[in-house]
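Remarks on the structure that follows.
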Amino acid sequence: MKNKPFMPVKSADRVFDILEELVKHSDGLHIRELGKKLNIADSSIHALVHTMLQRRYLKMDESRKLFLGSKFYQFSNMMSATPLVPIAKPIMKQIKSKFNENVHLAVLDGLDIVYIAFEESTNPLRYHMEVGRAQSAYITAVGKMLLSAHSNEQIRSLYEGYPFEKLTANTITSVDELIAELERIRKRGYSIDDAESYEACKCFAAPIYDSTGQMIASMSICIPFVTAQEKREPEMIAAIQEATNRITSLLKDN
């Protein structure tokens with residue numbers, strides 16, 4: 001018996017659309033402006049917004065602009081109770097300042113990685129990143145680093161029947177290729193995305209562990225080939241490893 005394709009609940013989908021749109025607008029939006037951006041009819045947007053206002057997921061100021069409400073930040077504060085991002089951010093800034101390249105912090109979510117913090121290069125040619133963005137783990141340096149914490153048997157089970165997508169000439173396309181790469185990562189202690197997710201970009205990532213020794217995150221430095229920093233690659237690898245070791249030590253002290 002075939003499973004029916006998932007159909008999202010329309011009203012729930014729209015609630016998340018509203019939250020995600022308001023995250024982009026720290027100066028707030030009027031209700032009609034919000035409805036137009038999300039293509040939601042006036043009657044529907046008013047009903048959704050008033051429900052969210054009542055439950056404190058949204059708030060409205062004197063000019064009747066909408067903002068994220070106290071309930072949203074209550075959940076946000078609960079999530080930020082972990083010291084990972086506050087500890088990592090100053091160290092990420094140091095690496096970015098030294099090399100002027102993007103620095104990313106990510107966690108594993110199933111077979112995807114989610115970026116939870118980043119420092120962006122000021123180079124005119126760079127890859128734009130957003131907190132909350134997800135990517136397939138097998139195509140990224142941070143993702144492969146995190147996958148390396150799993151045994152080969154676990155990887156085979158997780159990727160059984162997985163539709164590997166070939167994004168570039170270098171993208172991994174099978175579980176056997178992935179396992180071989182994870183073996184190399186475990187031996188050298190860092191991972192590489194060598195034009196596997198984007199043709200013109202190379203990334204190096206290293207692991208971050210919690211106080212129990214569990215790998216909980218990975219940090220990478222990403223270099224567009226146009227910036228021609230090949231001679232500094234060993235220095236970058238050493239810097240990202242030293243940085244993740246520092247973060248791991250600080251997490252153990254908290």
Apply side chain to side chain contact (heavy atoms under 4.5 Å, CB included) to Ser249 and Lys252, showing your working.
CA-CA 5 Å; Ser249 295; Lys252 288 179 180 177; 5.8 Å; no
Here the gap from Asn100 atom CG to Glu119 atom CD, rounded to the nearest 0.5 Å, amounts to 11.0 Å
State, yes or no, whether a side-chain contact exists between Ser220 and Ile240 at a heavy-atom distance under 4.5 Å.
no
As an exercise, state the distance from CG of Asn102 to SG of Cys201, rounded to the nearest 0.5 Å.
8.0 Å
Is any side-chain heavy atom of Phe99 closer than 4.5 Å to one of Glu235?
yes
Looking at every heavy atom in both Pro207 and Thr244, which two are closest together, and how far apart are they?
O-CB, 3.1 Å
Quick check against the 3.5 Å criterion: does Lys65 have a side-chain atom that pairs as donor or acceptor with the backbone of Asp27?
yes
Salt bridge (charged side-chain N to carboxylate O under 4.0 Å, His left out) assessment of Arg188 paired with Glu181:
CA-CA 11 Å; Arg188 67 178 174 236; Glu181 178 61 12; 3.1 Å; yes
Kindly determine whether Arg246 and Glu242 satisfy side chain to side chain contact (heavy atoms under 4.5 Å, CB included), including the steps that lead there.
CA-CA 6 Å; Arg246 282 171 61 198; Glu242 192 272 337; 2.7 Å; yes
Heavy atoms of Met92 and Val103 approach each other most closely as CE-O, 3.5 Å
Please say whether more than 12 non-hydrogen atoms of neighbouring residues, nucleotides or ligands are located less than 6.0 Å from NZ in Lys93.
no
Minimum heavy-atom distance between Glu196 and Lys144, given as atom pair plus value:
OE1-NZ, 2.8 Å
Here the pair of heavy atoms bringing Ala239 nearest to Ile95 is O-CD1, 4.1 Å
Asp193 side, atom CG; Asn170 side, atom CG - distance, nearest 0.5 Å
9.0 Å
Less than 4.0 Å between a side-chain N and a carboxylate O, is that true for Glu153 and Arg156?
no
Can you find a heavy atom in the side chain of Met215 that is under 4.5 Å from one in the side chain of Met145?
yes
To the nearest 0.5 Å, how far apart are CG in Leu178 and CZ in Phe164?
5.5 Å
Is any side-chain heavy atom of Ser136 closer than 4.5 Å to a side-chain heavy atom of Glu165?
no
Answer yes or no: is there a side-chain heavy-atom contact under 4.5 Å between Glu101 and Pro224?
yes
When rounded to the nearest 0.5 angstrom, what is the spacing between CE in Met52 and CD1 in Ile45?
8.5 Å
Shortest non-hydrogen separation from Ser63 to His30 and the atoms involved:
O-NE2, 3.0 Å
Kindly indicate, with the supporting measurements, whether the criterion side chain to side chain contact (heavy atoms under 4.5 Å, CB included) is fulfilled by Lys98 and Arg232.
CA-CA 11 Å; Lys98 183 174 183 178; Arg232 299 192 75 185; 4.2 Å; yes
Hey, mind stepping through Ile18 and Leu66 against side chain to side chain contact (heavy atoms under 4.5 Å, CB included) and telling me if it holds?
CA-CA 10 Å; Ile18 289 169; Leu66 295 167; over 6 Å; no
I'd like to know whether CG of Asn39 has more than 12 heavy-atom contacts from other residues, nucleotides or ligands below 6.0 angstrom.
no
Given side chains that start at C-beta, do those of Leu84 and Ile116 come closer than 4.5 Å, heavy atoms only?
yes
Does a side-chain heavy-atom distance below 4.5 Å link Arg14 with Lys10?
yes
Minimum side-chain heavy-atom gap Leu108-His150 below 4.5 Å:
yes
Linked, directly or transitively: Phe67 and Val49 (ILVMFWY side chains, under 4.5 Å):
no
What is the minimum heavy-atom distance between Thr171 and Thr168, and which atoms define it?
OG1-N, 2.9 Å
In terms of heavy-atom contacts, does CZ of Arg186 have more than 12 from other residues, nucleotides or ligands at under 6.0 Å?
yes
About how many Å separate CG of Leu105 and CZ of Phe118, when rounded to the nearest 0.5 Å?
11.5 Å
Does CZ in Arg64 sit with more than 12 non-hydrogen atoms of other residues, nucleotides or ligands closer than 6.0 Å?
no
For the residue pair Asp176 and Ser174, confirm or rule out a side-chain donor-acceptor distance under 3.5 Å.
no
For Lys24 and Glu21: C-alpha separation, side-chain torsions, deciding distance, then whether salt bridge (charged side-chain N to carboxylate O under 4.0 Å, His left out) applies.
CA-CA 5 Å; Lys24 303 174 191 175; Glu21 189 63 28; 3.5 Å; yes
